[in-house]
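Note: hydrogens, waters and symmetry copies are ignored here, and every other heavy atom, side chains too, is used.
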Amino acid sequence: RNGSRLHWDLVRVISSAIVVVDARRIKTLNLGQLADYIAMTSFAKFSVHKYPHAPTILGLFSGHEGSVPQGMSTWDKVYLKSLYNIHPDHVTQVSEMETRMLDYLSR
């Protein structure tokens, strides 16, 4: 277990996502980049502004030339794996995710 008896009373579950894409902003992207970006924005509530140095596909539109991600990074995959392998009702889920991510990344 996670060492805590605290649980959320309400758990948000994503059942669908609608994504609107501005064709003018994706002219230079390939389909894989776009699909990975949409997957991360749809499956994870993550603020790239909160973690500006995270090596994530969410920086795709950051405007930094030369550092355009070609797809989901190892960090992105570990983030999603950690996110979907925790109990959503645990209050300690953020620290649980951080611990799992560090474990996965250190392998």
Side-chain angles (χ1 to χ4, degrees):
R1 285 287 272 168
N2 68 345
S4 175
R5 294 176 191 251
L6 301 175
H7 295 277
W8 298 111
D9 289 330
L10 178 67
V11 176
R12 183 173 29 175
V13 177
I14 300 171
S15 60
S16 64
I18 297 173
V19 179
V20 178
V21 178
D22 182 348
R24 295 171 295 180
R25 295 205 55 201
I26 63 166
K27 287 181 182 178
T28 61
L29 303 181
N30 64 49
L31 185 58
Q33 288 171 301
L34 183 60
D36 286 350
Y37 181 84
I38 290 171
M40 277 299 286
T41 58
S42 300
F43 296 135
K45 184 179 179 184
F46 177 81
S47 172
V48 74
H49 304 296
K50 188 173 180 180
Y51 303 98
H53 301 294
T56 175
I57 189 70
L58 294 175
L60 190 62
F61 296 103
S62 67
H64 297 111
E65 294 296 322
S67 64
V68 176
Q70 292 304 303
M72 244 188 227
S73 67
T74 301
W75 192 94
D76 290 318
K77 293 172 188 172
V78 166
Y79 181 86
L80 288 175
K81 186 175 183 176
S82 298
L83 177 64
Y84 284 95
N85 283 307
I86 60 168
H87 297 281
D89 62 338
H90 288 181
V91 173
T92 59
Q93 62 183 250
V94 173
S95 63
E96 195 175 333
M97 278 182 62
E98 290 170 347
T99 301
R100 286 178 187 237
M101 286 183 71
L102 288 172
D103 180 50
Y104 291 138
L105 290 170
S106 66
R107 292 180 188 173

Can you tell me which residue pairs pass the salt bridge (charged side-chain N to carboxylate O under 4.0 Å, His left out) test with a partner in residues 71-84, sequence neighbours excluded?
-> none
In terms of hydrophobic clustering (I, L, V, M, F, W, Y; side-chain heavy atoms under 4.5 Å; direct or indirect links), are [X] and [Y] co-clustered?
X     : Y     : result
Tyr79 : Phe43 : yes
Leu29 : Val19 : yes
Ile38 : Met40 : yes

Side chain Asp36, main chain Gly71, donor-acceptor under 3.5 Å =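 Flag not set: sc Asp36 to bb Gly71 has no pair under 3.5 Å.
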Could you pull out all residues at least two apart from Asn85 that satisfy side chain to side chain donor-acceptor pair (under 3.5 Å)?
->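 For Asn85, no residue satisfies side chain to side chain donor-acceptor pair (under 3.5 Å) once neighbours in sequence are set aside.
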Closest non-hydrogen atoms of Pro69 and Leu60, given as atom of the first, atom of the second and distance, are O-CD1, 3.7 Å
For Ser82 against Met101, the heavy-atom pair lying closest together = OG-CG, 3.1 Å
Who are the side chain to side chain contact (heavy atoms under 4.5 Å, CB included) partners of [X], not counting sequence neighbours?
X     : answer
Arg25 : Asp22, Phe61
Thr74 : Val78, Leu105
Thr41 : Tyr37, Leu58
Ala35 : none

How long is the gap from CD1 on Ile57 to CD on Gln70, to the nearest 0.5 Å?
-> 8.0 Å
